[in-house]
Amino acid sequence: MTSPSSAADYRVIAGRLAFPSKAYIDGGWHEAASGKVFENINPATGAVLGTVAHGDAADVDKAVAAARRSFEDGAWSRAAPEERKAVLLRLADLVRAHAVELAVMESLDSGKTIKDCLNEIGHEVPTFFQWYAELADKSFGKVAPTGEKTVAMIVKEPVGVVGLVLPWNFPLLMAAWKLAPALAAGCSAVLKPAEQTPLTALRLAELATEAGLPAGVLNVVPGFGETAGQAIGRHNDIDVVSFTGSTEVGAYFLKYASESNLKPVGLEMGGKSPFIVLEDADIDDALIASAINAAFWNGGQNCSANMRQIIDLKVKDTFLHRVLEKTRALVVGDPLDPGTDLGSMVSAEHQSRVLSYIEAGKSEGARLLAGGGASAGLPGCFVDPTVFDGVTPAMRVAREEIFGPVLGVIGANGVDEALKIARDTDYGLHATIFTRDIDKAFHLAKRLPCGTVAVNGFTEGNVTTPFGGYKRSGSLARDNGTEAVEQYLQTKTIWVSLR
Ligand code: NDP
């Protein structure tokens with residue numbers, strides 16, 4: 001992928017984009033059944049990008065009917081695995097070929113930086129389609145040890161029609177996290193993007209048709225959570241839901257399932273993840289880059305953001321000094337400028353929410369060392385990267401998910417206290433540990449109740465490793481890795497008695 005190098009170039013591309021505006025159902029574009037539309041706003045400028053079909057229960061019904069028909073006709077669900085693989089590999093190539101267009105579209109839609117959008121869409125999204133494509137024809141069933149007189153096969157079958165309800169923080173990447181394994185498994189899908197960021201998922205559906213995905217296998221219904229999202233959650237002909245978003249809405253999906261067809265629900269939800277620095281850690285460039293990335297990547301709008309930075313008191317001053325230096329050097333501004341580190345928050349509503357947490361930090365007595373408010377002189381929903389020292393475990397900023405660029409430092413006296421503070425949370429998505437002592441690293445890794453532990457470098461892992469949360473961060477389902485496919489498969493025993 002060759003990408004332009006200036007904001008001016010990206011603005012030219014932006015000017016030429018045609019934004020999708022309708023639902024994508026059964027291989028074609030459809031207005032909402034109600035005829036309603038909603039405005040889609042660029043949060044970095046406040047400009048209206050266009051209107052999008054406001055899908056609701058009637059459109060979800062239509063999409064589910066198309067998905068069910070496609071599932072039953074078997075053109076995808078019963079296709080040979082190598083045929084599914086070929087289509088998904090073509091889709092990966094098409095995403096690569098259209099990466100710059102998609103990245104600009106996503107940046108305009110979400111306020112995310114073009115740098116991040118290019119990385120996610122140019123590299124990660126196609127990698128997901130490619131990896132699960134390659135897995136499609138390399139997954140075997142089992143034969144049970146039942147003795148001479150029988151053959152008992154344990155086979156996996158696609159679960160059917162899956163409902164995928166997505167957040168706005170990584171719009172196309174989250175679509176790929178869920179769609180790639182679901183489609184590789186042979187399922188048909190009804191996908192609802194977040195209302196703030198519907199564009200790239202819609203464009204992806206069109207590219208999937210171009211790649212050869214049969215009509216009805218991937219349907220995208222833009223709309224609002226309480227209508228389209230709830231209709232997916234309550235639909236009696238959707239077999240599984242996979243959701244990423246807030247813990248509050250994740251809980252609704254359990255309720256919807258219990259009040260409809262008891263569909264299994266995979267949940268990937270909020271976090272309040274710790275970043276632990278022990279006294280023996282080298283406070284070097286790599287550690288500081290990790291600390292900054294852990295708190296400020298994607299403007300902190302990241303479920304695995306390590307906002308609670310628990311630093312041994314012996315190294316806290318050095319750590320803070322270096323973190324502040326880096327924080328002050330971060331560039332906040334035009335998301336289409338390749339030099340920008342932090343773009344806009346996704347919406348004015350979300351900006352207010354983040355700012356209210358910053359005010360809570362100040363009023364609860366945390367010491368503000370950097371940032372602390374909306375970015376001056378910028379037209380959209382920007383928030384300056386903010387650093388608090390003197391955060392205590394009881395403060396709201398230490399307990400509730402902020403989902404914005406706020407780094408809070410909590411001092412700890414030794415490894416045991418660091419572990420105690422780190423464990424003191426309702427969430428369990430992620431943790432990072434810095435230490436040179438491998439024994440301490442493993443001790444902490446085993447004692448931290450969360451789905452991913454990163455040692456000596458902040459990372460969520462990659463396509464090969466499962467991602468999901470303990471406690472109020474998730475269900476047993478996992479995105480990514482071979483585990484993700486399990487969400488979209490069911491197990492059948494075929495018991496043959498031999499004569
Ligand atoms: P939500 O959890 O509200 O949204 C996630 C998805 O669920 C969206 O597609 C949304 O639709 C849909 N949804 C919302 N309400 C319902 C409902 N009642 N029934 C069915 N579906 C629904 O996240 P928000 O966008 O409101 O963000 C709020 C907070 O959630 C953030 O501040 C952050 O703390 C957390 N969050 C966590 C994410 C993660 O990756 N774990 C991602 C996004 C947010 P719609 O967009 O139309 O509302």
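Just follow the structure's listing: the first ligand is 1, and inside any ligand the first atom is 1.
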Got a sec, which pairs hit ring pair (Phe, Tyr, Trp, His ring centres under 6.0 Å) with one end in residues 366-397, sequence neighbours left out?
->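 Sorted result for residues 366-397: empty, none.
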With a 4.5 Å limit on heavy-atom distance, are the side chains of V125 and F170 in contact?
->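 V125 does not reach F170 side chain to side chain.
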Pairwise, report which nitrogen or oxygen atoms of ligand 1 are under 3.5 angstrom from protein nitrogen or oxygen atoms, and how far apart they are.
residue  : atom   : partner : partner atom : Å
ligand 1 : 2 (O)  : S246    : N            : 2.8
ligand 1 : 2 (O)  : S246    : OG           : 2.6
ligand 1 : 9 (O)  : L166    : O            : 2.7
ligand 1 : 9 (O)  : K192    : NZ           : 3.1
ligand 1 : 11 (O) : K192    : NZ           : 3.0
ligand 1 : 11 (O) : G225    : N            : 3.4
ligand 1 : 18 (N) : Y256    : OH           : 3.2
ligand 1 : 19 (N) : G225    : O            : 3.2
ligand 1 : 19 (N) : Y256    : OH           : 2.7
ligand 1 : 21 (N) : G225    : O            : 3.4
ligand 1 : 25 (O) : W168    : NE1          : 2.5
ligand 1 : 32 (O) : R353    : NE           : 3.0
ligand 1 : 32 (O) : R353    : NH2          : 3.3
ligand 1 : 34 (O) : E401    : OE1          : 2.7
ligand 1 : 40 (O) : N169    : ND2          : 3.4
ligand 1 : 41 (N) : G245    : O            : 3.2
ligand 1 : 41 (N) : M269    : O            : 2.9
ligand 1 : 46 (O) : E195    : N            : 2.9
ligand 1 : 47 (O) : K192    : NZ           : 3.2
ligand 1 : 47 (O) : E195    : OE1          : 2.7
ligand 1 : 47 (O) : G223    : O            : 3.4
ligand 1 : 47 (O) : G225    : N            : 2.8
ligand 1 : 48 (O) : E195    : OE1          : 3.1

Specify whether F38 and H54 have parallel, tilted or perpendicular ring planes, treating 30° as the upper limit for parallel and 60° as the lower limit for perpendicular.
->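 Taking H54 first and then F38, their aromatic rings stand perpendicular (interplane angle over 60°).
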Parallel, tilted or perpendicular: ring planes of Y256 versus Y252, cut at 30 and 60 degrees =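 Judged by the thresholds at 30° and 60°, the geometry between Y256 and Y252 is parallel.
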Examine distances only and state if a side-chain atom of T452 and a backbone atom of H430 form a donor-acceptor pair shorter than 3.5 Å.
->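 Not confirmed, T452 side chain does not pair with H430 backbone.
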Is the ring centre of F434 less than 6.0 Å from the ring centre of F275?
->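 Yes.
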